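Just so you know, these numbers come straight off a predicted model, no measurement behind them.
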Amino acid sequence: MAKHYSVEKRPESYEPYEFKLPELYRKLAKEELREDDEIREQSLTQMREWIAKHPFIRKCRTDASFLLRFLRFRKYSVPMACEALERYLAMRQSFPQWFKNLDYNEPDLREMLEDGVFAKIGEDADGRTVIVFRFARFNVEKFGPLQEGRFVALLIETLLEWEELQIGGFRVLVDYTDSVLKHYGIWGISDMKIFMDAINRSYPIRIREIHGAKFPKFAVSILNLLLTFASPKLKDRITCYKTVKEMAANFDPSLLLKEWGGNCDLHELNQRFLKHLEDRREVILALDEMDIDTAHYASLWQQTTAVENEIDGGAMGSFRKLDVD
């Protein structure tokens with residue numbers, strides 16, 4: 001059973017952190033994130049002291065596993081890690097319908113898991129976690145953007161429990177085969193803004209690459225609209241392919257599903273991930289106990305008329321890497 005971490009601001013003691021990952025991750029952490037034993041301990045101490053004194057944070061996890069998400073995300077700039085934590089807490093508190101009560105046993109979430117929408121493949125030779133989405137498996141006759149967004153939020157919170165992902169980041173493979181217009185049309189502008197803000201600025205995730213295959217031409221304008229809310233860095237990490245076969249050619253068979261010519265069994269992967277969800281269920285639900293004064297952060301998500309007018313006027317932006325001919 002996973003540990004239920006305290007969310008008090010001033011716990012009496014902390015369990016000492018022990019780096020237990022393979023040597024590859026120690027090397028990656030040092031070279032890419034500036035992490036070593038000394039800076040890790042100093043940064044954790046500084047961040048805990050900042051949380052304890054913060055006038056608007058009422059309750060927050062302060063264990064190393066949780067705080068390292070933000071320190072690694074911001075490459076051990078403590079002020080930037082603290083800012084990222086603030087934004088993450090404010091996001092969860094401001095939009096509880098999207099980001100709270102993420103229970104994998106909730107019928108909608110469980111159904112999407114069992115439909116095979118998502119699979120965690122494993123880690124590549126460079127330590128990056130490889131995950132797969134099969135977009136057409138979202139049941140758009142039954143689920144809307146809120147359910148889809150909650151599903152992705154559950155996945156992110158659960159994946160961040162792996163320190164391998166905190167350090168190495170991840171590569172995303174998306175198969176759009178057989179997707180239809182309704183898969184894209186259910187998302188309104190306000191939903192897109194909330195969701196993309198979470199991905200871009202509020203969740204401490206390191207997306208290294210996004211690979212998409214067989215994206216339909218009829219949805220290009222919708223994708224461009226979605227990407228108006230994405231950061232330039234995220235856009236630059238997207239590559240699309242005409243076919244799944246073309247995408248698969250860029251990956252080792254050990255990182256591909258059997259139906260794509262690889263070695264990975266989807267059922268086996270799903271069972272393994274469901275076990276991880278079961279083990280971490282109480283930890284994920286306990287995140288809801290964290291608390292921050294949202295009134296102070298309301299301006300972060302205020303609608304901007306200028307942006308909405310630009311979008312309504314047809315300024316979709318360009319997606320220069322997209323190839324759907």
* Start with the C-alpha distance between Cys240 and Ile238, add both sets of side-chain angles, then the distance that settles side-chain contact (heavy atoms from CB on, under 4.5 Å), and finish with yes or no. => CA-CA 7 Å; Cys240 287; Ile238 299 173; 4.3 Å; yes
**OP:** List the steps and the verdict of side-chain contact (heavy atoms from CB on, under 4.5 Å) for His276 and Thr158.
**Re:** CA-CA 8 Å; His276 183 75; Thr158 307; 3.2 Å; yes
Report task. Kindly indicate, with the supporting measurements, whether the criterion side-chain contact (heavy atoms from CB on, under 4.5 Å) is fulfilled by Tyr104 and Arg280. Result -> CA-CA 10 Å; Tyr104 86 104; Arg280 309 305 291 177; over 6 Å; no
With salt bridge (Lys or Arg N to Asp or Glu O under 4.0 Å) as the criterion, how do Lys182 and Glu141 come out once you've worked through the C-alpha distance, each side chain's angles and the decisive distance to 0.1 Å? CA-CA 8 Å; Lys182 194 169 183 179; Glu141 299 302 325; 3.3 Å; yes
Test side chain to side chain donor-acceptor pair (under 3.5 Å) applied to Glu38 and Gln42, step by step = CA-CA 6 Å; Glu38 183 177 0; Gln42 289 176 352; 3.3 Å; yes
Phe118 and Phe273: ring pair (Phe, Tyr, Trp, His ring centres under 6.0 Å), yes or no, with the steps?
CA-CA 10 Å; Phe118 165 87; Phe273 191 70; 5.0 Å; yes
Checklist entry - Going through the checks in order, is the side-chain contact (heavy atoms from CB on, under 4.5 Å) test met by Asp236 and Lys233? => result CA-CA 5 Å; Asp236 286 342; Lys233 184 183 292 186; 5.9 Å; no
Should Glu32 and Arg206 be marked as a salt bridge (Lys or Arg N to Asp or Glu O under 4.0 Å) after you check the CA-CA gap, both sets of side-chain angles, and the distance that decides it? CA-CA 12 Å; Glu32 296 188 4; Arg206 302 181 66 222; 3.5 Å; yes
>> Evaluate Glu163 against Arg72 for salt bridge (Lys or Arg N to Asp or Glu O under 4.0 Å), listing each step before the verdict.
In response: CA-CA 10 Å; Glu163 288 191 62; Arg72 288 165 172 161; 2.8 Å; yes
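Phe19 and Leu67 fall within the same hydrophobic cluster, defined by Ile, Leu, Val, Met, Phe, Trp and Tyr side-chain heavy atoms under 4.5 Å apart, directly or through other members. Linking ILVMFWY residues whenever their side-chain heavy atoms come closer than 4.5 Å, directly or via other members, places Met290 and Phe56 in the same cluster. Residues Leu44 and Met80 are members of separate hydrophobic clusters, defined by side-chain heavy-atom contacts under 4.5 angstrom among Ile, Leu, Val, Met, Phe, Trp and Tyr. Residue Phe251 is grouped with residue Val244 when hydrophobic side chains (ILVMFWY) are merged at heavy-atom distances under 4.5 angstrom, including chains of intermediate members. Both Leu181 and Val174 are part of a single hydrophobic cluster, where members link through side-chain heavy atoms under 4.5 Å apart.
To the nearest 0.5 Å, atom CG of residue Leu102 and atom CD1 of residue Ile284 are 7.5 Å apart. Taking CD1 from Ile156 and CG from Leu165, the interatomic distance works out to 9.5 Å, rounded to the nearest 0.5 Å. Note that CZ of Phe143 and CG of Asp108 are 4.5 Å apart. Values are rounded to the nearest 0.5 Å. Expressed to the nearest 0.5 Å, how far CG of Leu85 lies from NE2 of His54 amounts to 8.0 Å. Distance check, rounded to the nearest 0.5 Å: CG of Leu155 to CG of Leu277 gives 7.5 Å. The distance from the CH2 atom of Trp162 to the OG atom of Ser65 is 12.0 Å, given to the nearest 0.5 Å.
Heavy-atom minimum distance, Gly212 versus Tyr176: CA-CE1, 4.1 Å. Across all non-hydrogen atoms, the minimal contact from Leu33 to Gln166 is CD1-O, 4.4 Å. Closest of all the heavy-atom pairs between Leu160 and Pro204 is CD2-O, 3.5 Å. Across all non-hydrogen atoms, the minimal contact from Arg34 to Ile39 is O-CG2, 3.2 Å. Considering all non-hydrogen atoms of both residues, Gly168 and Leu28 come closest at CA-CD1, 4.4 Å. Contact detail for Phe70 and Ala81: the closest heavy-atom pair is O-CB, 3.5 Å.
Side chains of Gln147 and Lys142: a donor-acceptor N/O pair is absent below 3.5 angstrom, by distance only. Between the side chains of Glu209 and His211, at least one donor N or O lies within less than 3.5 Å of an accepting N or O. In this structure, a donor-acceptor pair under 3.5 Å is present between the side chains of Tyr297 and Glu86.
Side-chain atoms of Glu157 and Leu287, non-hydrogen and from C-beta on, do get closer than 4.5 Å to each other. Using a 4.5 Å cut-off on side-chain heavy atoms (C-beta onward), Leu257 and Leu269 make contact. Phe66 has its side chain out of reach of Val283: every pair of non-hydrogen atoms, C-beta onward, lies at least 4.5 Å apart. A 4.5 Å side-chain heavy-atom check between Leu173 and Leu255 finds every atom pair outside the cut-off. For the pair Asp124/Arg171, a side-chain contact is recorded, criterion being any heavy-atom separation below 4.5 Å from C-beta on. Arg134 has its side chain within reach of Asp175: a pair of non-hydrogen atoms, C-beta onward, lies under 4.5 Å apart. The shortest side-chain heavy-atom distance between Trp260 and Lys245 does not fall under the 4.5 Å cut-off. The closest side-chain heavy-atom distance from Leu256 to Cys264 is not below 4.5 Å.
Using a 4.0 Å cut-off between a side-chain N of Lys or Arg and a carboxylate O of Asp or Glu, Asp197 and Arg87 qualify as a salt bridge. Ion pair Glu106/Arg150 flagged as a salt bridge, since at least one NZ, NE, NH1 or NH2 atom sits closer than 4.0 Å to an Asp/Glu carboxylate oxygen. Look at Glu268 and Arg272 and you find a salt bridge, because one of the NZ, NE, NH1 or NH2 atoms lies within 4.0 Å of a carboxylate O, short of that distance. The pair Lys214-Glu246 does not meet the salt-bridge criterion, since no charged nitrogen lies less than 4.0 angstrom from a carboxylate oxygen. A salt bridge between Asp291 and Lys59 is absent, with no side-chain N of the basic residue lying under 4.0 Å from a carboxylate O of the acidic one. A salt bridge between Glu35 and Lys30 is absent, with no side-chain N of the basic residue lying under 4.0 Å from a carboxylate O of the acidic one. Taking the charged nitrogens against the carboxylate oxygens, Arg110 and Glu114 do have a contact shorter than 4.0 Å, which makes a salt bridge. A salt bridge between Glu161 and Arg69 is present, with a side-chain N of the basic residue lying under 4.0 Å from a carboxylate O of the acidic one. Taking the charged nitrogens against the carboxylate oxygens, Arg40 and Asp37 do have a contact shorter than 4.0 Å, which makes a salt bridge. Between Asp288 and Arg92, at least one side-chain N (NZ, or NE/NH1/NH2) sits under 4.0 Å from a carboxylate O, which counts as a salt bridge. Using a cutoff of 4.0 Å between basic side-chain nitrogens and carboxylate oxygens, Arg58 and Glu289 are not scored as salt-bridged.
Side-chain atoms of Tyr25 come within 3.5 Å of backbone N or O of Gly127 as a donor-acceptor pair. Judged purely by atom type and a 3.5 angstrom limit, Arg137 uses its side chain to pair as donor or acceptor with the backbone of Asp115. With hydrogens and angles ignored, the 3.5 Å screen pairs no side-chain donor or acceptor of His183 with any backbone N or O of Val140. For the pair Arg128 (side chain) and Glu123 (backbone), a donor-acceptor distance under 3.5 Å is absent.
For Phe73 and Tyr203, the distance between ring centers is not under 6.0 angstrom.
Counting heavy-atom neighbours within 6.0 Å of Arg201 CZ, excluding the residue itself, gives a total of 12 or less. Within 6.0 Å of CD on Glu83 lie no more than 12 heavy atoms contributed by other residues, nucleotides or ligands.
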